[in-house]
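In what follows, residues are counted from 1 in the order of the sequence shown.
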Amino acid sequence: MEFKPGALLDKIEFPADLRKLSEDQLPKVCEELRHYIIDVVSVKGGHFGASLGVIELTVALHYVFNTPYDQLVWDVGHQAYGHKILTGRRTVFPSNRLYKGISGFPKRKESEYDSFGVGHSSTSISAALGMSVASKYKKEKDRKVIAVIGDGAMTAGIAFEGLNHAGFLKSDMLVVLNDNCMSIDPNVGALKEYLTDITTSHTYNKVKDDIWKLLGKISKFGPNAQEIASNVENAIKTSFLNHSNLFESLKFRYFGPVDGHDVVRVKKLLEDLKDIPGPKILHCLTTKGKGYKFSEEGDQTVWHSPGLFDKDTGRLIKVVPTEPQPPKYQDVFGHTLLELAEKNQKIMGITPAMPSGCSLNIMMKAMPDRAFDVGIAEQHAVTFSAGLATQGLIPFCNIYSTFMQRAYDQVIHDVALQNLHVVFCLDRGGLAGADGPTHHGAYDLAYFRCIPNMVVSAPMNEEELRNLMYTAQLDEFKGPFSIRYPRGNGVMPEWKTPFRKLEIGKGRKLTSGHELAILTIGTIGNYAVKAVNELAKIGLSVAHFDMRFVKPIDEQLLHEVFGQFKKIITVEDGCIMGGMGSAVLEFMADKGYSAQVRRLGIPDVVVEHGEQKELYSECEYDDKAIIRAVHQLLESGENSSKSFALHI
């Protein structure tokens, strides 16, 4: 399908082309850019509301600043579609987030205009500060550095750390606060209320209009312009702007709030701020989904990434199945947690800013006093959970696997070393799909397996997820317990089965066989089931074991496997290095067994974006790859099994 840009947008390949336009043409550029994004995303999918909300800001930034020489750092990056289109990627934008296409996030190797690779939130200020310090060190006095961060991302500790250090260093940088009261779900916390107080203060808004008129005419004051503006600004702060103390206390000069959808005004303000030295923050008020009424008037959480939709009616396009379908694993978690919490008054729910993404919103609606969205603050989420656990409660801390990496110290220091009863539910374990390498949950099996006191488990299906959650909250278990599961749908349409206690550290045999054994962990085991069934059709006898637990690993089961088989394949939707396959090899070495072991899983490379099935195939651990591995191992010579042989 061909997507046609507007007349002005069609002439813009790079920001240099944008800068050739007159100021009064900028609103038209914004209109065309907005419509182009709507046209493409409605058909191809992707993040939506966030990019529409910063169209004017994007155009103004590239118009005023000399990108890519001036460094523009986006936070998270799902709002950077307009940026990508204006920086040489308009014609390939329809491939956004598709297999082998461009990334849905800024990526350094994709474009020189992507000054910093992002995907996790709240990194922009620290990165921009590093760039600013480097520019000063290299005596690049004309280079500007700008960080664009949302109010949701501003809640993370690293954002405050960056502000604190930048203010101390008095670095010449601009932070643009894109304030839309949303991340994916509505923002929570004191910072949100603080920003709301600023934006709704009638006295403040009346006076800030006056100062902006003054700064807009700053050139008329001649050589004393900076001194006059500073005096006026300080007088206003003293008399009216008590609200600005947060940023001012960090040595940032605060400007705003301003209408982030008035491109001409934002452009003029950026031109003024460009010449003011030191750390500055520009507070822009924006609306997610701006310019598309169905997004503006609808559920902004849904329109964050709505999938395919009819751009004319706003109707979301959903394939209606003819038969009952299995649920998403996140929904199994959400409904199961509420079911358990109704029976166990000790259970609490915690998530860092992903209540709809992980389905904790189900419990939050039913039990608002027992389920908490703590904002984009993974470290706090873990230690907050630890505090709850010290008082005899059982927190279920749900964090995406890729985001749990941000709280690793807290898991070790605040939970594991104290052996506290915190249940970590890691959503998006394994390859996460179109969000790509910043969101793949590749490492949790490995990075949790090495932590003392930690139970590391992964269900093969929805019933197993329910049973692991049930087991994890029993009073007889007292330590940290992790359960990881993938993004997407399960395999059981009839998933709401009775709870059953599982023995910790015990796996199960799914299929008997005598020629070769396949050991799997988690839902990727369903691909092994397919493979074993296909192999049986051609007369190959392959055993299949679902390990369930990586730690403690089922040693009794492994004694059985190594006692019977000399050819073994391990399969996991996680990194090969340090994962379940490594645990099996360690057991083999420690116990003196000898066998050919081939490990299948995520290789030691950065895996790009694509549909999960495409990536499983690329990384060679889908059902077809398992079948190939079985044939290769069975066809290998007898001599190779007489020595310690590792096949990776």
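Each of E618, E608, E611 was compared with K100 under the salt bridge (charged side-chain N to carboxylate O under 4.0 Å, His left out) criterion, and only E618 meets it.
Between D573 and Y621, the side chains place a donor N or O and an acceptor N or O closer than 3.5 Å (distance only, hydrogens not considered). Side chain to side chain, R487 and Q330 fail the donor-acceptor criterion of an N or O pair below 3.5 Å. Looking at T520 and H544, their side chains do bring a donor and an acceptor atom within 3.5 Å of each other. Remark: the Q556 side chain and the K506 side chain contain an N/O donor-acceptor pair separated by less than 3.5 Å. T383 and D414 are linked by a side-chain donor-acceptor pair at a separation below 3.5 angstrom, with hydrogens and angles left out of the test. Counting only N and O atoms by type, the side chains of T570 and R599 include no donor and acceptor under 3.5 Å apart. Donor-acceptor pairing under 3.5 Å is lacking for the side chains of K591 and H559. When only modelled atom types and interatomic distance are considered, Q596 and K567 share a side-chain donor-acceptor pair under 3.5 Å.
A 6.0 Å sphere centred on NE2 of H413 holds no more than 12 heavy atoms belonging to other residues, nucleotides or ligands. The number of heavy-atom neighbours closer than 6.0 Å to CG of D604, taken from other residues, nucleotides and ligands shown, is 12 or below. Counting heavy atoms of neighbouring residues, nucleotides and ligands inside a 6.0 Å radius, atom NZ of K501 does not exceed 12 of them. Other residues, nucleotides and ligands contribute only 12 or fewer heavy atoms inside 6.0 Å of the CE atom of M577.
Remark: the backbone N or O of M460 is not paired with any side-chain donor or acceptor of T523 at under 3.5 angstrom. A donor-acceptor distance shorter than 3.5 angstrom exists from the side chain of N467 to the backbone of R500, with no hydrogens or angles considered. Not a single donor-acceptor pair under 3.5 Å links the side chain of D444 to the backbone N or O of G429. Judged by distance alone, the side chain of E620 and the main-chain N or O of A625 form no donor-acceptor pair under 3.5 Å. Not a single donor-acceptor pair under 3.5 Å links the side chain of D331 to the backbone N or O of P327.
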Show your reasoning for whether side chain to side chain contact (heavy atoms under 4.5 Å, CB included) applies to L426 and I483. CA-CA 6 Å; L426 306 188; I483 307 169; over 6 Å; no
Taking it one step at a time, do F403 and H439 satisfy ring-ring contact (aromatic ring centres under 6.0 Å, His included)? CA-CA 8 Å; F403 299 146; H439 284 60; 5.6 Å; yes
Given the rule in the side chain to side chain contact (heavy atoms under 4.5 Å, CB included) test, do V597 and M588 qualify, once you have shown the distances and angles that lead to the verdict? CA-CA 10 Å; V597 179; M588 181 173 70; 3.9 Å; yes
Candidate pair D75 and V118, rule side chain to side chain contact (heavy atoms under 4.5 Å, CB included), full reasoning: CA-CA 7 Å; D75 208 284; V118 292; over 6 Å; no
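Annotation: cation-pi geometry satisfied between K530 and Y527 (NZ/CZ under 6.0 angstrom from ring centroid, within 45° of ring axis). Cation-pi geometry between R466 and F499 is met: the NZ or CZ atom falls under 6.0 Å from the ring centre, inside 45° of the normal.
Between P480 and N419, the shortest heavy-atom contact is CD-OD1, 3.4 Å. Of all non-hydrogen atoms in G563 and Y593, the two that sit nearest each other are N-CE2, 4.2 Å. Residue D623 comes nearest to A531 through the heavy atom pair O-CB, 3.8 Å, listed as atom of the first residue, atom of the second, then distance. Closest approach of R370 to I347, counting heavy atoms only: NH2-O, 2.9 Å. The two atoms that bring M454 and V411 nearest to each other are CE-CG1, 3.6 Å, heavy atoms only. In terms of heavy atoms, A432 sits closest to R428 at CB-CG, 4.4 Å.
Salt-bridge check for D475 with K346: passed, with a basic side-chain N closer than 4.0 Å to an acidic carboxylate O.
A 4.5 Å side-chain heavy-atom check between I626 and R628 finds every atom pair outside the cut-off. Within the 4.5 Å cutoff, side-chain heavy atoms of R97 are placed close to those of D435. You'll find the side chain of V561 reaches within 4.5 Å of the side chain of L519, heavy atoms only.
In this pair, F384 and H380 present their aromatic rings parallel. The plane angle is below 30°, not in the 30 to 60° band. Using cut-offs of 30° and 60° on the angle between ring planes, the pair F481 and F549 is perpendicular. Relative orientation of the H78 and F105 rings is perpendicular, given thresholds of 30° and 60° on the angle between their planes. Using bins of under 30°, 30° to 60° and over 60° for the plane-to-plane angle, the ring pair H421/F477 lands in the perpendicular bin.
Taken from CG in L468 to OG in S457, the straight-line distance is 4.5 Å, to the nearest 0.5 Å.
In this structure, F48 has its ring center under 6.0 Å from that of F309.
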